[in-house]
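Before any comments, here is the structure.
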Amino acid sequence: MATPKNSKQTAPAEPGVPASVGNGFPGKLFSYAPAPESPAAAGEIASSYGHFIGGEFTESAGKEALKTVNPATEQVLAEFAQGTEEDVDRAVRAARDAFPGWAALPGSERAKYLFRIARIVQERSRELAVLESIDNGKPIRETRDVDLPLVAAHFFYYAGWADKLEYAGFGPDPRPLGVAAQVIPWNFPLLMLAWKIAPALATGNTVVLKPAETTPLTALRFAEIVRQAGLPKGVVNIVTGDGRTGAALTAHPDVAKVAFTGSTEVGRSIARSLAGSRKKLSLELGGKAANIVFDDAPIDQAVEGIVNGIFFNQGHVCCAGSRLLVQESVQDEVLDALKRRMATLRVGDPLDKNTDVGAINSAAQLARIRELSDIGEAEGAERWSPACELPSSGYWFAPTVFTGVSQAHRIAREEVFGPVLSVLTFRTPAEAVEKANNTPYGLSAGIWTEKGSRILWMASRLRAGVVWSNTFNKFDPTSPFGGYKESGYGREGGRHGLEAYLDV
Amino acid sequence: MSDPTAKSDALTRLDVFKTYKLFVGGKFPRSESGRVYEVTDTKGNWLANAPLGTRKDTRDAVAAARKAVPGWSGATAYNRGQILYRVAEMLQGRREQFAAEVAAGEGIGGKKAAALVDAAIDRWVWYAGWTDKIAQIAGAANPVAGPYFNLSTPEPTGVVGVVAPQSGTGHSLLGLVSVIAPAIAAGNTVVVATSESAPLPALSLGEALATSDLPGGVVNVISGRTADIAPTLASHQDVNALDLAGAVATDGPGSAPALEAAAADTLKRVLRPAADPAAEDWTAAPGTGRLLAFLETKTVWHPMGV
């Protein structure tokens, strides 16, 4: 790919030096020598992959193959099968055949399988972290310190539930549903797999999981872990492919449960297609979270939270704090501090341990981010990015902030799913609530203030499933996650996360 | 018999018929259509005219329900409990009237009808006691691996569109109460499409609700063609959830699959009907299923430190 179109963002600057912030900022202090992780740590990536069905890697019934690329280099990493209806049928059959045995297993035995998985994930976490960074484009620091620890923790947490379900508050003998069809996105490939598979298996269901078509590699590697853990064949099946495969999977008549994480648009179509069936559905969809900063907030901490909220994982986060609502009286102070901080973000090689912001996951996503950003400019919002040198190949987008954004602007209403922050202002807490809730989404929100009563007052009025006060983008297996309104329904994580997989 | 005048006096004492009306926003409007339909007993004898609620009536009811959300969801759970208990008190006082309406509408004996009314009254009492306990069984304090306070609490989903049970023993009052009471106990507001064939207990229930300190708009009652009212609820942008208790699982615009598909456009939460709605035993213990169906879980994080 040629140099990104937006020359304004890619003006040459000395790496690490925030050329645009010349106000005595000690730029040199933040020059880092490269600290690359070895790509070899990812282990061997096969040139092509089939599906993992019934405990074996098998060829697809179809001939179509897709390619997954390293978004930081655009190099093809591997080919993988485009799952056909026949493939899906075979996988569902394998899961259905495995279901009675798995469901009848004492919970304590299922628990031990899951504990095994958690332990093997921990053992192989470096390999999985590097593989995830290569396939997804997210920084190794994030896969190493966030994704992988959470993956292992999620399996460990739900492992413990497997033999305690009668105490979970869903009646004396809650039953599994059957075969769970699970379709996951590309932004946290292995973590989303863990969020789906761990509670499903703990409750006694068997699964067919389809990873996203741009990030199939860690799910396929997870299949090896399933084998190492000795799981009965067919309990976990991985079928790869694009949306067509996902549609075939969720529509399969022998599926009893559908769990989907992804766009609201696809979520709607799944909900529609399941109408009249007895399939249980949980959806974790888009978001347009408000991150609300009051005038009494600790500004430096708030700025860290704003940066973490929107630039973590390149902004490829459904709960990203993509709308900054800042109280008018501290607008200048917050924006100055934010821009200073943004100038220190290191954008580049995902495998460099110093990197803060990695590659955009795909060319299509990059095009979407560019389109909405251009629309933001065209609609009259003011665009700013720190000077930062972007690599010449791969998919990149500089951290971007829009000021002068109104609620009618598309960048304030639509999910950009990239490192693009829209800044709006407010005067009163009531106005902040009104603006924050003025969206069809309701996944998350942030509040920054030192006043405890105001936090609780705000938190009770924000229509969002997760409210981070004086923090942002925190996740934990014990903490239920999921949305209000058009951000979906059902919860993942915690005791609440069991319900989606039980006949209750 | 010796005094023909006295007898003729008794005969000329005409009953005062009730004009059954919709219940919307705490008021009793006629249908905007100005139309009614005949409600008969199971043998076809005329009982009363009921308002033929329209799509417009339904939309007005949704607007009233939306307006009532902040007040009702923001009321204390204790307050909601007292009001639900008050509903039971009001029904107790009008027990005979409801028993007569249920008996006529469902074609059952007076004793059986009275027992069903008693069960409906007791159901309000059961849910009245739930309002301030829901958060304690549906919430959680989450022990996250870090220095954070983390609490999950249930909150009402918002406006719930309810297709009331349409047939089966006890559907017209006990079934109705069994779907309305849990939704409002949890802090939601409701627009209910009544039983089309036996709407009278539902319309009278509106009168009991109006005298129970229940804020206007928390429950809105629309009688008429379920096939008109239910699809309006299912596709309405401002309805957050659907209880399809009485939706029949066949084809057509008012069928459960069609309603669920329409609800998908705005990602409403949908409670599907039982496999055979008409066979539902409303006298069975209700459990917590409906109480927990229209709740959202909100999880709040805060760092701990000095």
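Within every chain, numbering begins at 1; the chains are lettered A, B, ... in the order of the sequence lines, protein sequences first and strands thereafter.
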Minimum-distance pair of heavy atoms, taken over all atoms of H302(B) and N470(A): NE2-ND2, 3.1 Å
What distance do E499(A) atom CD and L292(B) atom CG have between them, rounded to the nearest 0.5 Å? 7.5 Å
For Y148(B), is it the side chain, the backbone, both, or neither that has a heavy atom closer than 4.5 Å to a heavy atom of chain A? side chain
Between H496(A) (side chain) and A138(B) (backbone), is there a donor-acceptor pair under 3.5 Å? yes
Just wondering, are more than 12 heavy atoms of other shown residues or ligands nearer than 6.0 Å to CD in E450(A)? yes
Show the nearest heavy-atom pair for residues D265(B) and R272(A), with the distance to one decimal. OD1-NH2, 2.6 Å
Based on non-hydrogen pairs under 4.5 Å, which of A464(A), G171(A), S273(A), G494(A) is most in contact with chain B? A464(A)
Pairwise distance CZ(R269(B)) to NZ(K485(A)) - rounded to 0.5 angstrom: 10.0 Å
For K279(A) and R272(B) the tightest heavy-atom approach is O-NH1, 2.6 Å
Which of A271(A), S479(A), G276(A), G483(A) touches chain B most, by non-hydrogen pairs under 4.5 Å: S479(A)
Carboxylate-amine/guanidinium proximity below 4.0 Å for R463(A) and E296(B): no
First locate atom CZ of F170(A), then atom OG1 of T288(B), and finally report the distance between them rounded to the nearest 0.5 Å. 9.5 Å
For chain A, which of P143(B), A140(B), S152(B) has the most heavy-atom pairs under 4.5 Å? P143(B)
Give a yes or no on this: more than 12 heavy atoms of other residues, nucleotides or ligands lie within 6.0 Å of atom NZ of K67(B). no
What's the spacing between Y489(A) OH and T297(B) OG1 if we round to 0.5 Å? 15.5 Å
Select one option (side chain, backbone, both, neither) describing which atoms of L456(A) are under 4.5 Å from chain B's heavy atoms. neither
dist M304(B):CE -> T471(A):OG1 (nearest 0.5 Å) comes out at 12.0 Å
Does K298(B) use its side chain to pair, donor to acceptor, with the backbone of L462(A) at less than 3.5 Å? yes
So CD of E155(B) and CZ of R461(A): to nearest 0.5 Å the spacing works out to 10.5 Å
Checking heavy atoms, do the side chain of Y157(A), its backbone, both or neither come under 4.5 Å from chain B? neither
Expected output: side-chain R268(A) to main-chain A264(B) donor-acceptor under 3.5 Å: no
Are the side chain of T299(B) and the backbone of P480(A) linked by a donor-acceptor contact shorter than 3.5 Å? yes
Short question: side chain of D476(A), backbone of A145(B) - any donor-acceptor pair under 3.5 Å? yes
pair N142(B)-R495(A): side-chain heavy atoms closer than 4.5 Å: no
Among the listed options L151(B), L267(B), I137(B), the residue most often paired with chain A at heavy-atom distances under 4.5 Å: L267(B)
Using a cut-off of under 4.5 Å on heavy-atom pairs, state which of G442(A), A153(A), S460(A) scores highest against chain B. S460(A)
Just wondering, more than 12 heavy atoms not from K451(A) lying within 6.0 Å of its NZ? no
Most heavy-atom pairs under 4.5 angstrom with chain B, which of A445(A), P440(A), S277(A)? S277(A)
Based on non-hydrogen pairs under 4.5 Å, which of I270(A), T478(A), L285(A) is most in contact with chain B? T478(A)
Would you mind telling me which of N150(B), T153(B), V270(B), V144(B) has the largest number of heavy-atom pairs within less than 4.5 Å of chain A? V144(B)
Verify the neighbour count for atom CG of D300(A): are there more than 12 heavy atoms of other residues, nucleotides or ligands below 6.0 Å? no
